[in-house]
2 protein chains.
Amino acid sequence: MASLKQVAELAGVSLMTVSRALNNPEKLSAKTYKHVKKAIDELNYVPNFSAKNIRGSTGKTIGVLSLGTATTPFSVEIILAIEKTVRQHGWHSFVINTFEDDKQEMEQAAERLLSYRPAGIIVARNGLKEVKIPQKLRNIPMVLSNCVTNDVDVASYIPNDFQGQFDLTELLVKKGYKKPLCMYIPEDAIAAKERKNGFEKAWFNQLSPQIPEQHFMIGTPHTYENGAKPLEKLLENNSKKLDFDIIVCGNDRIAFLTYQLLLSRGFRIPEDVAVVGYDNMVGVTHLFQPSLTTVQLPHYEMGKQAALHFIEGRNSIGENLITCPLIIGQSC
Amino acid sequence: MASLKQVAELAGVSLMTVSRALNNPEKLSAKTYKHVKKAIDELNYVPNFSAKNIRGSTGKTIGVLSLGTATTPFSVEIILAIEKTVRQHGWHSFVINTFEDDKQEMEQAAERLLSYRPAGIIVARNGLKEVKIPQKLRNIPMVLSNCVTNDVDVASYIPNDFQGQFDLTELLVKKGYKKPLCMYIPEDAIAAKERKNGFEKAWFNQLSPQIPEQHFMIGTPHTYENGAKPLEKLLENNSKKLDFDIIVCGNDRIAFLTYQLLLSRGFRIPEDVAVVGYDNMVGVTHLFQPSLTTVQLPHYEMGKQAALHFIEGRNSIGENLITCPLIIGQSC
DNA sequence: CTGTTAGCGCATTCAT
DNA sequence: ATGAATGCGCTAACAG
């Protein structure tokens, strides 16, 4: 690979002239620029990032600590958004993937992160959760994307789960549904509480008397393989007539299970019972038949805003709630 | 961030002693090592990657050009495997995500890749396909993961789709299925041909006479939203009795559409008709009810082998077929 | 407008 | 066993 020096030699000029041709072309006379440019193209010269970066770390590199991306790959969009955003502003980014439960891995990840001397670090997570920040990272400028922490005072960009569920529920009320069955995600999830509040706030506003007792239920944790179990039990008791007209699923995976369960028992969606989800999983949710009404987790926006936090030099601290847009389908 | 120099000053030794403490501790006396180590810990010193990399590029850094990851995020595993593998061997990697259809982006991606002066480049893709290699990258050592190319002579690590579909089909024959309905992925996909061959080879081996004419069909491209249309048409004509006992889906997304279609028409899986898929999409496939029998795309292994290609200094060229393991569920 | 000097953080080489 | 000198590719600061 060619270096500045080689380009300079080929062009018969000094190092600095080539450097300027690359970074401040306006400081060169038109003809020397043209001359140097020719040499650059001829040698296929590309600046050496490491060499640039070594000098006083210009502060245009962002390190990304990506946690648990493997288990739910729907959050790649966060990473993609970061990369695209920094690129647009002439910054750089690099990603370290790891898993939070492995403490040793976390330590190593922190070291690798620091070895790039980033101006700041974005900690991103596949699903909203509280994260522990490695000790070594606590002195570096940091911002959180799709996670929160108690270890340091930082800004975080997280989904507005309350608003998302609220908007969805308002739609349901407007459409005239009266008897909801809610299968929330596990209680310990941060999003669970917000969404539950969002639902109840929107629902009680209009329909406080009509809430059936069983409207509130909890799905099972982690893999969600048993996410529709509550529904299954209800169907066992009364397999013909449903005691609810709308099933509010804690996420699209629960909705996925719910669809199969309902369809296999001969219920039509939405004629016999409507279904809504949450997440809008890229690559999957658009395959629901009928198309699923759901709420989109703003992965892209969370990544973008986290990146802009550094690029624009924002100094804020605390939670920034990102709107979750409604995705309207045929399932309600 | 502390530098070698600062550590040296704190420890009252020269730069080199600190450098050796990090890279060749055995060359130091036990007591100076201990002394220096203390200073290193005290300052939370982490070596500067750029500074290391600047010197003659030791050749332990791999650049990854990841194509189209956003559209089907199931391939994160490739990236993860690469990162994990290089790390285990003391190498480094960095990833540039881009989209092949944007030619300008590809050029820029190539430049950014080169700016890190990698010892080699892995080109990875979300789905198996032929890729164009940017001109600037054609002189760098390269290996392909889940893609192939005609532009350069390189090694590629791709799924053995023939073997995968062959093994699956053998299982079906063994189980006694007689009348298959195949809904392949679009013909222009490389995998389509291999899988079709795999199916036919395994099926004709045993059951050549009994192949019904309609066993061969093609799904629709890209989003797969219409992937089960052929089945839908068949059901319109004859909605009561099925003329097939096993539906072979080109991938798990088609299988999901098929599930919904069958269940909504009152057919039971696998009692009335069995279903099998292909891909084993991480985070999704395990939610099928009943659990889906499918074939796993070896994303992790493709990434790992591509990384090892450089790490072990393999010199081979051409296609390396990675086994696709059978995932046996309750759907057949 | 262009060139020279110096130094970023580190490891290779050679000395002690 | 430890240190000093040198240079990797590049740019900020100064000189001309």
Side-chain angles (χ1 to χ4, degrees), chain A residues 1-40 43-61 90 92 111-119, chain B residues 1-40 43-61 90 92 111-119:
Chain A
M1 283 260 54
S3 70
L4 258 200
K5 201 183 192 176
Q6 293 170 42
V7 178
E9 275 166 13
L10 178 61
V13 295
S14 76
L15 276 181
M16 273 316 292
T17 304
V18 183
S19 176
R20 280 192 268 258
L22 291 159
N23 302 311
N24 308 89
E26 74 280 2
K27 292 191 175 176
L28 292 187
S29 78
K31 81 160 184 268
T32 41
Y33 173 74
K34 228 179 93 181
H35 188 62
V36 173
K37 185 77 172 65
K38 189 161 160 263
I40 290 174
L43 290 178
N44 264 323
Y45 173 74
V46 174
N48 183 321
F49 174 78
S50 291
K52 254 186 183 154
N53 211 42
I54 204 179
R55 315 180 23 81
S57 180
T58 51
K60 293 216 165 197
T61 299
H92 290 254
E111 295 219 344
R112 266 177 302 135
L113 224 26
L114 292 176
S115 78
Y116 291 94
R117 297 292 188 274
Chain B
M1 281 260 55
S3 70
L4 259 199
K5 201 183 192 175
Q6 294 169 40
V7 178
E9 276 166 13
L10 177 62
V13 295
S14 78
L15 274 181
M16 273 317 294
T17 304
V18 184
S19 176
R20 280 190 269 257
L22 291 158
N23 303 311
N24 309 89
E26 74 281 0
K27 291 193 174 175
L28 293 186
S29 78
K31 80 158 184 270
T32 41
Y33 173 74
K34 227 179 95 180
H35 188 63
V36 172
K37 185 76 171 62
K38 188 161 160 266
I40 290 174
L43 290 177
N44 265 321
Y45 173 74
V46 174
N48 182 320
F49 175 78
S50 291
K52 256 188 182 149
N53 211 40
I54 206 179
R55 317 178 23 81
S57 178
T58 51
K60 292 217 165 194
T61 299
H92 290 254
E111 294 218 344
R112 266 177 303 138
L113 224 24
L114 292 176
S115 78
Y116 290 93
R117 299 291 189 273

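Reminder, nothing fancy here: chain letters follow the sequence lines and each chain counts from 1. Just the heavy atoms: all of them, side chains too, but no hydrogens, waters or symmetry mates, feed the values below.
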Side-chain N,O ([X]) to OP1/OP2 ([N]) below 4.0 Å:
X	N	result
Asn23(A)	dT11(D)	yes
Ser50(B)	dC10(C)	no
Ser19(A)	dC10(D)	no
Thr32(A)	dT2(C)	yes

Evaluate side chain to side chain contact (heavy atoms under 4.5 Å, CB included) for Asn48(A) paired with Ser3(A), printing each intermediate quantity in order. CA-CA 8 Å; Asn48(A) 183 321; Ser3(A) 70; over 6 Å; no
Between Asn53(B) and Asn53(A), does a side chain to side chain contact (heavy atoms under 4.5 Å, CB included) hold up when you go through it step by step? CA-CA 11 Å; Asn53(B) 211 40; Asn53(A) 211 42; over 6 Å; no
Tell me: [atom1] of [X] to [atom2] of [N], nearest whole Å?
X	N	atom1	atom2	answer
Asn48(B)	dA11(C)	CG	C1'	13 Å
Tyr116(B)	dC8(D)	OH	P	23 Å
Leu4(B)	dG7(C)	CG	P	18 Å
Arg55(A)	dC8(C)	CZ	C1'	6 Å
Arg20(B)	dT12(C)	CZ	C1'	10 Å
Lys52(B)	dG7(D)	NZ	C1'	18 Å
Gln6(B)	dG9(C)	CD	C1'	11 Å
Tyr33(A)	dT2(C)	OH	P	13 Å

Kindly assign one of parallel, tilted or perpendicular to the pair His92(B) and Tyr116(A), based on the angle between their ring planes and the thresholds 30° and 60°. perpendicular
Choose from [options] the nucleotide whose nearest atom is closest to any side-chain atom of [X].
X	options	answer
Ile54(A)	dC8(C), dT2(D), dT2(C)	dC8(C)
Leu15(B)	dC10(C), dC8(D), dG3(C)	dC10(C)
Ser3(A)	dG9(D), dT2(C), dC10(C)	dG9(D)
Leu28(A)	dT2(C), dT2(D), dG9(C)	dT2(C)

Along DNA chain C (nearest heavy atom to each residue), the more 5'-positioned of Glu26(A) and Met16(A): Glu26(A)
Val18(B) vs Lys5(B) side-chain heavy atoms within contact, under 4.5 Å: no
Would you call Leu10(A) and Lys38(A) a side-chain contact if the rule is heavy atoms closer than 4.5 Å? no
Residue mapping more 5' on DNA chain D - nearest nucleotide basis, Lys31(B) or Leu22(A): Lys31(B)
Donor-acceptor pair (no angle test) under 3.5 Å: Arg117(A) side chain, dG9(C) base: no
